[in-house]
Structures are given as structure tokens and as C-alpha cells.
Number of protein chains: 4
Amino acid sequence: MTDRSVEREGNMQEKKITIIERATEIIAKKGYHAASIQEIAEASKLSKGAFYLYFKSKDELMAEILRYHFGLITEEIEKVDRQDINSREKAKLRLSTMMRELVKRGNFIVMQRHDIDSDIGKEMELFFLEEMEKGRRKTELDLLDVYGEVSKPYLKDLRILQEGILFQIIGDMLLHGLILDLDKTAAYILERMDDMVEGLLKRKAEPLVTDATPVSASIFEKEMKEREVKQVLERMQIVILTLDAEIQEVQELQGVVELIQEELQKKEPRKLLIQGLSANFKGIEEMDDLRRELARLLDIKVL
Amino acid sequence: MTDRSVEREGNMQEKKITIIERATEIIAKKGYHAASIQEIAEASKLSKGAFYLYFKSKDELMAEILRYHFGLITEEIEKVDRQDINSREKAKLRLSTMMRELVKRGNFIVMQRHDIDSDIGKEMELFFLEEMEKGRRKTELDLLDVYGEVSKPYLKDLRILQEGILFQIIGDMLLHGLILDLDKTAAYILERMDDMVEGLLKRKAEPLVTDATPVSASIFEKEMKEREVKQVLERMQIVILTLDAEIQEVQELQGVVELIQEELQKKEPRKLLIQGLSANFKGIEEMDDLRRELARLLDIKVL
Amino acid sequence: MTDRSVEREGNMQEKKITIIERATEIIAKKGYHAASIQEIAEASKLSKGAFYLYFKSKDELMAEILRYHFGLITEEIEKVDRQDINSREKAKLRLSTMMRELVKRGNFIVMQRHDIDSDIGKEMELFFLEEMEKGRRKTELDLLDVYGEVSKPYLKDLRILQEGILFQIIGDMLLHGLILDLDKTAAYILERMDDMVEGLLKRKAEPLVTDATPVSASIFEKEMKEREVKQVLERMQIVILTLDAEIQEVQELQGVVELIQEELQKKEPRKLLIQGLSANFKGIEEMDDLRRELARLLDIKVL
Amino acid sequence: MTDRSVEREGNMQEKKITIIERATEIIAKKGYHAASIQEIAEASKLSKGAFYLYFKSKDELMAEILRYHFGLITEEIEKVDRQDINSREKAKLRLSTMMRELVKRGNFIVMQRHDIDSDIGKEMELFFLEEMEKGRRKTELDLLDVYGEVSKPYLKDLRILQEGILFQIIGDMLLHGLILDLDKTAAYILERMDDMVEGLLKRKAEPLVTDATPVSASIFEKEMKEREVKQVLERMQIVILTLDAEIQEVQELQGVVELIQEELQKKEPRKLLIQGLSANFKGIEEMDDLRRELARLLDIKVL
DNA sequence: AATGAATGAGAGTTCATTCAT
DNA sequence: TATGAATGAACTCTCATTCAT
């Protein structure tokens with residue numbers, strides 16, 4: 001890449017970020033649908049046509065908005081994680097950082113309260129769900145770090161309690177303009193967590209949520225399955241690469257996986273189509289297990 | 001009202017409720033914009049044209065959906081309040097009722113996560129904000145009831161803590177299909193509140209939020225002003241009725257107030273228009289104060 | 001269907017025909033792309049929005065335009081065929097009718113000289129090709145009728161000669177406004193055909209085109225294959241109906257056929273997808289032959 | 001012109017031809033509209049911007065494409081004409097050359113079946129019509145050369161017959177991939193022409209088309225007028241050059257003519273504008289006749 | 001009370017063309 | 001000579017809303 005093109009690339013990125021930020025504001029204010037490309041472009045001092053030089057569709061913009069903010073927030077949290085301080089200090093810092101970032105990105109948060117889910121397509125929905133899940137898992141580990149082994153049975157409870165309190169405070173800051181000292185607030189939250197941990201242990205309370213807590217089949221399974229399916233398909237891609245086959249066949253098989261992924265993105269994936277597509281793996285021993293696994297997950301036949 | 005019209009009225013209401021419920025489902029599934037009147041009408045076994053006999057616009061439907069669900073939930077909570085049991089039991093019952101109602105109205109809750117556009121109009125936004133504020137105030141009183149005078153400095157804190165925990169749990173139930181015994185969960189939440197109250201008192205902790213906590217002017221003032229303006233206009237309507245004037249003039253003046261209200265509903269009310277409209281009250285002594293008050297609030301001249 | 005709805009149905013059809021006719025004119029004048037829905041709607045005294053009540057897309061309009069004119073022309077020709085006159089008279093009548101219809105539908109003919117092919121989608125392209133082929137076969141039979149068994153080796157030649165002359169004359173009429181007496185012209189064409197038949201026979205000329213004439217693989221096979229594939233799929237649908245299977249399975253299998261058809265409509269059908277889809281027929285003996293046939297035609301594997 | 005500029009000129013031409021050829025392919029495949037400048041530029045290994053260095057618009061490209069292929073075909077035919085062989089051999093050679101060239105330029109031919117919008121501008125339409133007319137006249141002369149004076153009354157008929165047969169065969173080759181020996185085919189066509197000439201003479205048949213055949217006024221006159229107007233304007237330019245006037249005035253008058261020509265290119269030339277423009281010639285005696293002639297042809301007033 | 005045809009504003013998107021570099 | 005970012009007009013299509021019946 002020449003200097004010129006690096007520079008251009010840089011400009012490109014800058015402009016994209018401008019658009020993302022303006023769009024975040026507007027979408028926060030009016031919702032995804034009501035925010036027109038026209039308005040977003042104008043706010044970015046661009047013509048409607050130019051918008052499409054940077055994003056190939058409104059949906060892609062939305063996806064990049066999500067990735068952008070998630071990315072920056074994650075980055076800040078990771079900075080905290082890398083600091084060399086004791087776990088309690090770290091927990092406090094994480095809480096205040098989280099608040100600072102989310103309040104700073106208030107528009108982004110409000111935006112999410114609008115209509116992301118329905119329209120953005122399965123891909124982003126999954127990305128979103130995964131980031132949330134990742135966040136939850138990390139929070140539990142962090143809590144374990146602070147409260148030690150004894151807290152283990154209560155980890156899920158504690159996560160719910162902490163997230164609830166944290167998000168409610170952030171919500172109040174954003175919606176009612178409450179102004180709080182973030183460090184004090186972080187300390188306050190941690191103290192309340194202490195209170196509750198102490199209470200739970202003292203009472204030998206029964207945990208509210210454990211791994212054994214039942215979960216409504218319909219929702220849970222759907223979520224799990226989607227995730228598992230995704231993993232199976234990814235494993236398929238890896239296995240295909242390790243096959244002792246001609247390059248052309250490898251490409252074809254990868255194509256099949258991609259077609260399946262594509263179909264699964266759709267609102268109502270057609271089972272028969274996937275059933276058929278996966279038949280393309282027939283005769284490849286290495287794929288047999290994965291194929292059967294996929295069939296089980298999607299409730300399709302192994303042809 | 002004749003029997004016929006009562007009956008019709010009844011049918012009317014029934015149909016409206018049918019529409020509201022179908023609409024809630026559809027909007028929950030696809031979001032406000034993606035849910036077309038066509039589809040809502042069809043799901044309610046109605047023609048598109050007939051829909052408009054019941055609701056005068058899509059936004060009005062949305063408003064009525066909000067009112068409908070809020071109303072039913074409030075009703076259930078009031079039933080609890082009327083029960084003759086001790087305040088702790090009542091608090092527990094309120095929590096479980098709240099969870100039951102919100103989970104039952106899952107569609108409604110999910111719906112709100114979609115794009116209830118700001119388009120929905122100032123009126124609804126205000127209704128919404130007021131209901132929330134009312135809810136918060138009531139929660140604080142309930143907490144005072146349970147934890148007594150000593151908890152008074154912490155009432156705002158406790159409300160935030162309880163609401164955070166409550167909504168997080170409801171969210172987990174709705175989004176991830178978590179299944180919990182509501183009575184046990186209510187007791188669990190109350191116990192955690194106990195833990196925190198105990199902790200706060202023991203530590204003589206400084207409250208996080210009090211009446212003195214600063215609030216970002218922009219948001220708070222906007223909200224306050226809107227409420228005040230509304231009140232001024234309502235007082236104007238009352239004053240007009242007490243005027244010793246001809247019926248025609250009274251109607252005209254009422255009309256002016258209504259026009260002002262109408263204009264204020266809009267996204268960007270035109271100051272000059274309101275400035276002019278309010279000049280119609282010139283020469284009516286009884287209105288002078290109100291007129292000046294309105295001018296101050298809206299930052300317009302008194303012509 | 002009630003009287004009312006019949007009537008409405010009638011209106012519907014009338015309006016559709018109005019649109020088709022206005023659209024034909026406009027497209028003839030400016031080409032498919034340059035003819036905007038706006039303009040077509042206005043010419044039909046309709047709003048842009050109303051257009052979409054009658055046709056669900058511009059492409060569908062185009063398809064219906066083709067069907068409409070082809071249908072009417074075919075009808076006229078069939079009327080001639082049903083007349084009880086000798087074959088020479090019939091041939092003459094057919095020629096004059098053809099000229100009359102094509103000149104009358106000049107706009108339609110000119111329209112076709114614009115951009116039908118590329119955009120209208122494979123379905124219409126196939127419809128078009130088939131109608132043309134049908135026309136050619138019929139013309140050969142008609143010629144056989146007129147010139148008897150001796151003309152058999154020359155039938156393809158004669159068809160080319162006659163169609164060439166016929167279309168050239170029609171073209172001259174349309175493009176240069178040439179005005180001819182259609183009956184005389186038909187007689188003239190027939191006389192020239194007589195001249196050439198006589199010449200061919202007298203010289204014992206070698207036919208120019210026979211069934212044995214080589215055809216560029218790429219084009220011919222493509223055409224043939226498409227037609228054959230279509231037939232195979234249609235036969236599949238019939239076989240499925242005769243299967244001794246549960247209704248649900250039948251519907252599923254029909255769904256598979258439809259998915260294949262859908263994919264084949266696309267500009268670049270993905271072989272792997274079809275290969276997979278057809279694997280859904282595995283285990284159904286009655287389908288085996290058809291499945292293998294399909295695989296052969298599309299050069300895919302039988303999984 | 002310096003060497004450098006000659007060289008550049010050469011490069012220029014080379015690039016233009018590259019573009020023309022790539023464009024012909026693409027337009028043949030997708031149609032005029034669907035073929036974007038972007039794609040054409042890329043296929044020619046050029047940036048979108050650079051494309052406009054070679055052609056000042058998409059329409060101009062289209063025009064040059066037409067001229068390019070017409071030119072090459074004409075050139076080939078002229079080579080045949082220059083050969084020293086008898087007229088029958090020459091006729092045969094012309095037919096086979098025509099077929100060879102048109103089939104070779106299949107893309108070009110197919111391209112024309114797409115939407116060469118009327119947008120392409122009057123200029124090209126006229127060029128096109130004139131080339132066709134020139135072709136027709138030449139064909140008639142060639143036929144006279146082969147069949148002698150006796151064929152004179154039938155020349156127009158024979159041209160129509162020959163062109164019809166020729167184009168039909170070419171069409172079949174292009175559309176259905178028919179593969180024919182071009183020399184044999186040329187001989188075959190000529191034999192059929194012989195058959196028909198013999199038939200016509202023997203029967204003393206009345207010619208189908210003669211100079212006296214009526215032509216629909218609307219089309220014919222329009223064509224004629226356009227040609228006449230063009231000639232009048234050209235004569236004006238010449239007259240202006242012969243005027244005994246100052247250079248500045250000459251340039252101005254030429255400018256007026258150019259403006260009129262420009263306006264006439266448009267789809268709907270504004271009469272009033274031309275009427276006004278031509279008033280600029282007032283007071284110049286030498287132009288009076290031409291001016292009145294122009295006014296008559298365009299049905300405007302002589303101011 | 002009910003219908004559904006009709007409207008028209010406005011959405012996302014594409015693309016020929018221009019222009020600063 | 002060459003680039004590609006930028007423009008803006010035009011396109012197809014959707015949908016809340018109205019209105020004659």
C-alpha cells in the first residue's frame with residue numbers, strides 16, 4: 001500500500017467514523033427507521049449518494065455502529081484488566097469505567113432501546129447476543145475474583161444483582177440527567193455487593209439462579225441451538241481445510257458451508273434447502289459426525 | 001346513552017381491545033415500523049379502512065397500547081395495596097405481582113425495546129414519563145413503609161437498587177427464558193434489600209442519591225418546563241370558564257388554548273405562532289399572570 | 001363469488017389492460033428502463049401507488065405485457081385455423097392475419113426490439129423462447145400442408161425463407177410507414193414461396209438447414225437443456241402427486257421442486273444448492289430416474 | 001501535429017477502441033442501462049473518471065460503438081466491391097461477407113436488440129437511419145447489376161426479399177447457434193433470388209413495392225423534414241462563410257446556427273426558441289431564402 | 001359499520017457525470 | 001493523463017391515511 005493510499009484509507013476511516021457518530025446520535029433520537037439516510041448524510045456533511053461510498057446499505061451502517069461502540073467499550077475494559085492492581089480495586093475501576101463509557105456513549109445506549117432487534121438481521125442479532133453473553137461470563141469470573149470460592153454458588157445471582165444495579169444507575173443518569181461521581185458510585189455499588197454477599201452467606205440462602213435453574217425451552221434452546229449450529233459450521237470449515245482434497249473441491253465445500261450460513265441468516269430458513277445442501281458432504285468420512293450433529297440441531301434428515 | 005349505544009360502545013371497546021392485543025403481538029415481533037396497519041387490521045379480522053374507525057392514527061393506537069397495558073398492571077398492583085396484610089407481606093406480593101404482570105405482558109415489554117419513535121408524540125412521551133415518575137414515588141413510599149423512618153435518607157437509593165434488581169430479573173426471564181418461582185424470587189429480592197439496608201445503616205454510608213443530587217439541567221429542565229407549561233394551559237382553561245363573557249367568546253378562547261396545546265405537541269413547535277396565539281388573551285385581566293408565566297416558560301414575548 | 005366481487009374483478013381486469021396498453025406504448029417509445037412507473041401510471045390515469053395494486057412490480061407488468069399480446073395474436077391465428085377453407089387459402093389468411101396483428105401491435109413489436117431479454121428474468125425469457133419455437137414448429141406444419149410431402153426435406157428452409165420475408169415486410173411497414181394491401185401482400189408472399197419451392201425441387205437443391213445441421217453446442221445445448229430441465233421438474237411434480245405418501249411429505253417434496261425451479265430462475269444458479277436440494281428425493285424409488293436425469297442435465301452429482 | 005501528439009492520438013484511438021469493444025460485449029450481455037460506466041471502465045482497465053476523457057457521455061460512447069461497427073462492416077463490403085470479378089460472384093461474396101461480419105459482430109447485433117434508447121439522441125438515430133437507407137439503395141443497385149434491366153420494376157421487392165432472408169438466417173445463427181457454410185449459404189440465397197426473379201418475370205407479377213407505394217405520412221414526412229432541415233442549416237453555414245462581414249459577426253452567426261442545431265437534437269425542440277434564434281439572420285439578404293425555408297419546414301414564423 | 005381503491009409523501013438505492021487533486 | 005470522491009436526479013417500491021360507496 002502506497003503512502004497515498006494509506007492516507008486515503010485513513011480519510012476513509014475518519015469519514016466512516018464521522019458518519020457512525022452522527023448516525024448514532026440521530027438514531028438515538030428518532031429510532032432506526034425514522035432516521036433517514038438523507039438526514040444522516042446531511043448531518044455528516046455528505047450527499048445521500050456519498051453515503052453509499054462508505055456503507056453499502058443502511059443495515060451495514062447499523063452493523064458497523066454496533067461493532068464500533070462495542071469495540072471501544074471493550075477496549076477500555078481491557079485496559080483496566082491489564083492494570084496491575086488488586087482485584088477489588090480492579091472491580092471498582094471496571095464499574096466506573098463501564099459507567100463512564102456507557103454514559104459517554106449515551107446515544108448508543110438509547111439507540112439500542114429502539115428497534116435494533118427486528119431488522120438488523122440475524123447476523124448482528126447473534127453478534128449482539130454473543131457480546132452480551134461474553135460480558136456476562138466475564139462479569140461472573142470477575143466476581144469470583146473478588147469474593148473468592150465461597151461465592152461460587154452465588155455467582156449467577158451476584159452477576160444479576162450487580163448488572164441490575166449498574167444498569168439502573170446508568171439509566172437514571174441518561175434518562176434523568178442524574179449527575180454522580182463515578183468513583184464514589186463504583187465504591188457504593190461494590191459495598192452493596194458486599195452487603196448482599198455477606199447476607200447470602202450468613203443466611204446460607206438458597207441461590208436464586210444456578211446452572212440447574214430451568215429455562216423455557218423455546219427461548220433457551222433457540223439461542224443455544226443457534227450458537228451451536230454456528231460452531232458446527234465453523235468446525236466444518238476447519239475440517240474442510242484439513243481434507244486431502246483438490247483445491248477445487250475444497251472451495252466447493254466451503255461454498256456449501258457458506259450457502260448454509262447464508263440461508264440460516266434468513267428470517268425463515270428453509271429446512272429442505274439446508275437438508276439438501278448438507279447432503280453435499282456425503283461420502284466425506286471426516287465430515288460425517290459434524291453432518292449428523294448439524295442434522296440433529298436443525299432437525300433435518302441426513303440424506 | 002341508550003341501550004343500543006351502550007351495547008355498541010361495548011362492541012367498540014371489545015374490538016379496540018382485540019386490535020390492541022393483536023397489535024401488541026405483532027409490534028413485539030417485528031417492531032413498530034415493520035408492523036403495518038394492513039397486517040394489524042388483518043390479524044384483527046378487519047379491513048384497513050375499518051381500522052381507522054377505531055383509532056385515528058397508528059400513533060394513537062400506539063398510545064392506547066401503552067395506556068392499556070399500564071392500566072392493567074396498575075390495577076393489579078392496586079388490588080394488592082387494598083389487601084389487609086402487613087407491609088412486608090404486601091411488599092413481597094407487590095414484587096411478585098409486578099414480575100407476574102410484566103412477564104405475562106412480555107410482548108408489551110419487548111415491544112418497548114423496539115422503536116417507539118419519538119414520533120409517537122409529546123403527549124405519549126409525557127404520559128410515559130409521568131407514569132414512571134408516579135411509579136418511582138410510590139415505590140419509595142412502599143419502601144418507607146417496610147424499612148421505617150431510619151431508611152428515609154436512603155429511600156432514593158433503595159428504590160434504584162430494588163428497581164434495578166427487579167427489572168434485571170424480569171429481563172432475564174423474558175430474554176433468556178429463565179423460569180423462576182415468583183414468590184421465592186420476591187422473597188429473595190426482599191432479603192437482598194434487607195442485606196443492603198442493614199449494610200447501609202451499619203456503615204452509616206453516605207446516600208448515593210438524595211434530593212440534593214445535581215441533575216443535568218438540559219434534561220431535567222426540559223422535563224419540568226413541559227410539565228409546567230401543561231399546567232399553565234390547564235389553568236388557563238379553567239380561568240376561561242370562570243370569565244364573565246359571552247359563550248362565543250369563551251369558545252374562541254378555549255379554541256386558542258387548544259391550538260397552543262396542539263402546536264406544542266409537534267416536534268418543533270413554532271414559537272412565533274404561539275406568541276401570536278397567546279396575544280389573543282390581551283385585555284383579559286384575569287389571564288394576564290398566566291399569560292406572562294407562559295411567555296417566561298416558552299421564552300416568547302408578551303405582545 | 002358474489003356479483004359485487006365479479007364486477008370488481010371485471011374492473012380490475014379492465015384497469016390492468018389499460019395499464020398494459022399504455023405501458024406498451026410508452027415502452028415502445030422509450031425502452032423498458034426509460035419508461036418509469038410514474039409515467040406509466042400517469043398515462044393510465046392512476047397514481048404511482050395505485051399501479052402497485054394491479055402489478056406487484058415492474059417486472060411483473062412486463063411479463064403480463066408479453067403474455068397479453070402473445071395471447072391475442074395466438075387467438076387470432078387460431079381463429080383462422082378453425083375456418084373451413086382449403087390449405088392454400090388458409091395459408092394466405094394466416095399470413096395476412098399475422099401481418100395485420102403485428103402491425104396493429106406495432107408498439108409491442110417495437111418494444112421487443114428494446115431491452116426485454118436482459119432484465120425480465122429467466123422465466124419470461126423461457127416463455128418467450130418457447131412461444132417462438134412453438135410458432136416455428138407450427139409454421140413448418142402449415143407449410144407441409146400447403147406444399148405436400150415433396151417439400152418435407154425443405155421444410156426448415158421454407159420456414160426460414162417465409163419468416164424472413166414476412167418479418168422484413170412487417171418491419172418496413174412499421175419502421176418506414178409502408179402501406180400495403182395485406183391480402184395482396186399475403187398472396188405475393190405465397191407466390192414467392194411457390195417460386196422457391198419450384199426452384200428447389202427443379203434443381204434438386206441440397207437443403208440449407210436440416211435436422212442434421214450442426215448447431216453451436218454452447219447456445220443450442222443451453223436452450224435445449226433449459227427446456228429439458230423444465231420438463232423433468234414438471235414430471236417430478238406429477239410423480240410426487242402419485243406417490244403413496246402423507247400429505248405433509250408431498251407438500252415438502254413439492255417445495256423442494258419449487259426451490260429448485262426458483263434457483264434455476266436466477267442468473268447464476270448455484271449448482272451445489274441444486275445438487276443438495278435434489279438429494280431430498282433420495283430413497284424415493286419412483287423419483288430415481290428423474291433425479292438421475294436432472295443430475296445429468298445440470299452436470300451435478302447424485303448424492 | 002507533433003510526433004508526440006500523433007503518438008498520443010494513436011494511444012487515444014487504441015484506448016477508445018478498447019473501450020468500445022469491452023462496452024460492446026458488456027452491453028450485449030446486460031443491455032444498455034444495466035451496463036454501468038463503472039463496469040465498462042473497469043473492463044477497459046480504466047477509472048470511471050478516465051472514461052470521460054475518451055467519451056463525453058454514455059450516449060456518445062453508444063454512438064461511437066454504432067459508428068465503429070458500421071464502419072468496419074462497410075469497409076469489408078467495399079473491399080469486395082473493389083475486387084475484379086463478375087457481378088454474380090461479387091453478389092455471392094457480398095452476401096457471405098455480410099454474414100461473416102454480422103455473425104462475427106454478434107455482440108453488436110445482439111446489443112441492438114437491447115434498449116438503444118431513443119435517448120441516444122436524434123443525431124444517432126439519424127445516422128442510423130441514413131446508413132440503413134444507404135445500405136438499401138446500394139443493395140438495389142447490386143441487384144440491378146446481377147439481374148439486369150428487366151429486374152428494374154422489381155428492385156425494391158427483391159431487396160426486401162433478399163434482406164429478409166439474409167437477416168433471418170443471420171438471426172438463426174446468432175440466436176440458435178446454427179452453423180452454416182457461409183459460401184454455400186450465399187449461393188443458396190442467390191439461387192432462391194433466382195427462383196423468385198424467374199417467377200416474377202414469368203408471371204409478369206405486379207410489384208409489391210414501387211416508388212409509388214404510399215407511405216404513411218407521419219413517419220415518412222418526419223424523416224424527410226429532418227433531413228431537409230439538416231441540409232438547410234448546412235447551407236446556411238456555407239452562406240455565412242461567403243458573407244462580406246467582419247469575423248466577429250461571422251462567428252456570431254455560426255454560433256446561432258449551432259444553437260439551432262443543438263436545440264433540434266433535443267427530444268422536444270422548443271419552437272419559440274428556434275423562431276427567436278433565426279430572427280438573428282434578419283437583415284441579411286443572402287439568408288432570406290434559407291430562413292423562409294427553415295420557417296416553412298419547422299412551422300415557425302419569420303420574425 | 002365497513003370496504004378497499006386510491007393517494008402521495010418519502011424511503012433506500014443506483015448511477016451518469018463533475019471536479020479538485 | 002488519470003483518479004476516485006462527491007453530487008444529485010431519478011428510480012422502484014411501501015405505507016399511513018382518505019374517501020366514495
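Chain letters run A, B, ... following the sequence lines, proteins first and then strands; every chain starts at 1. The structure displayed is predicted, hence computed values, not measured ones.
A heavy-atom distance below 4.5 Å is found between the side chains of I20(D) and F55(D). The shortest distance between side-chain heavy atoms of Y68(C) and K16(C) does not fall below 4.5 Å.
Nearer to the 5' terminus of DNA chain E, by closest-nucleotide assignment, is the contact made by S57(A) (compared with the other of S57(A) and S57(D)). The residue among G49(D) and G49(A) whose nearest nucleotide of DNA chain F lies closer to the 5′ end is G49(D). Nearer the 5' end of DNA chain F, as judged by each residue's closest nucleotide, is the contact made by S47(A), out of S47(A) and F51(C).
One interatomic measurement links the two molecules: CD of E14(C) to P of dA5(E), which rounds to 14 Å at whole-angstrom precision. The interatomic distance linking F55(C) (CZ) with dA5(E) (P) rounds to 14 Å, in whole Å. Taking atom CG of residue L53(D) and atom C1' of nucleotide dT3(F), one finds them 10 Å apart after rounding to whole Å. One can place CE of M62(C) at 19 Å from C1' of dC13(F), the figure rounded to the nearest angstrom. The separation between Y54(D) atom OH and dA2(F) atom C1' is 8 Å, rounded to whole Å. Atom C1' of nucleotide dA5(F) and atom NZ of K16(A) are separated by 15 Å, given to the nearest angstrom. Per the geometry, NE2 belonging to H33(D) stands 9 Å off P belonging to dC11(F), to the nearest Å. Between the CD atom of Q13(A) and the C1' atom of dA5(F) there is a distance of 16 Å, rounded to whole Å.
Base pairing analysis places dT21(E) opposite dA2(F); the two distances defining the Watson-Crick or G-U wobble pair are each below 3.5 Å. When Watson-Crick and G-U wobble pairs are counted only if both distances are under 3.5 Å, dT7(F) pairs with dA16(E). Searching all strands for a Watson-Crick or G-U wobble partner of dC13(F) with both distances below 3.5 Å returns dG10(E).
When distances run from any side-chain atom of Y52(D) to the nucleotides dA5(F), dT17(E), dA2(F), the shortest one goes to dT17(E).
E42(C) has no carboxylate O lying under 4.0 Å from a charged side-chain N of R22(C), or vice versa, which leaves the two without a salt bridge.
Here S36(B) lies in heavy-atom contact (under 4.0 Å) with sugar-phosphate atoms only. When heavy atoms are screened at a 4.0 angstrom cut-off, I37(C) is found touching the sugar-phosphate backbone but no base atom. The residue K58(C) sits close only to the backbone: its heavy atoms come under 4.0 Å of sugar-phosphate atoms, none of a base. Within 4.0 Å of K48(A), counting heavy atoms only, lies at least one base atom of the nucleic acid.
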Legend entry - Chi angles and distances behind the side chain to side chain contact (heavy atoms under 4.5 Å, CB included) call for L53(D), K15(D): CA-CA 10 Å; L53(D) 294 174; K15(D) 284 247 171 103; over 6 Å; no
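Within the model, atoms OG of S36(C) and CZ of F51(C) stand 10.5 Å from one another, a figure rounded to the nearest 0.5 Å. Going from atom NZ of K29(D) over to atom OG1 of T24(D) covers 13.0 Å, rounded to the nearest 0.5 Å.
In this structure, S57(D) contributes its side chain and D59(D) its backbone to a donor-acceptor pair below 3.5 Å.
Contacts between residues 38-46 of chain B and DNA chain F, defined by a heavy-atom separation below 4.0 Å, involve no residue at all.
For K15(A), a side-chain nitrogen or oxygen approaches OP1 or OP2 of dA6(F) to under 4.0 Å.
Annotation: cation-pi pair K58(B)/Y32(B) present, NZ/CZ under 6.0 Å from the ring centroid and within 45° of its normal.
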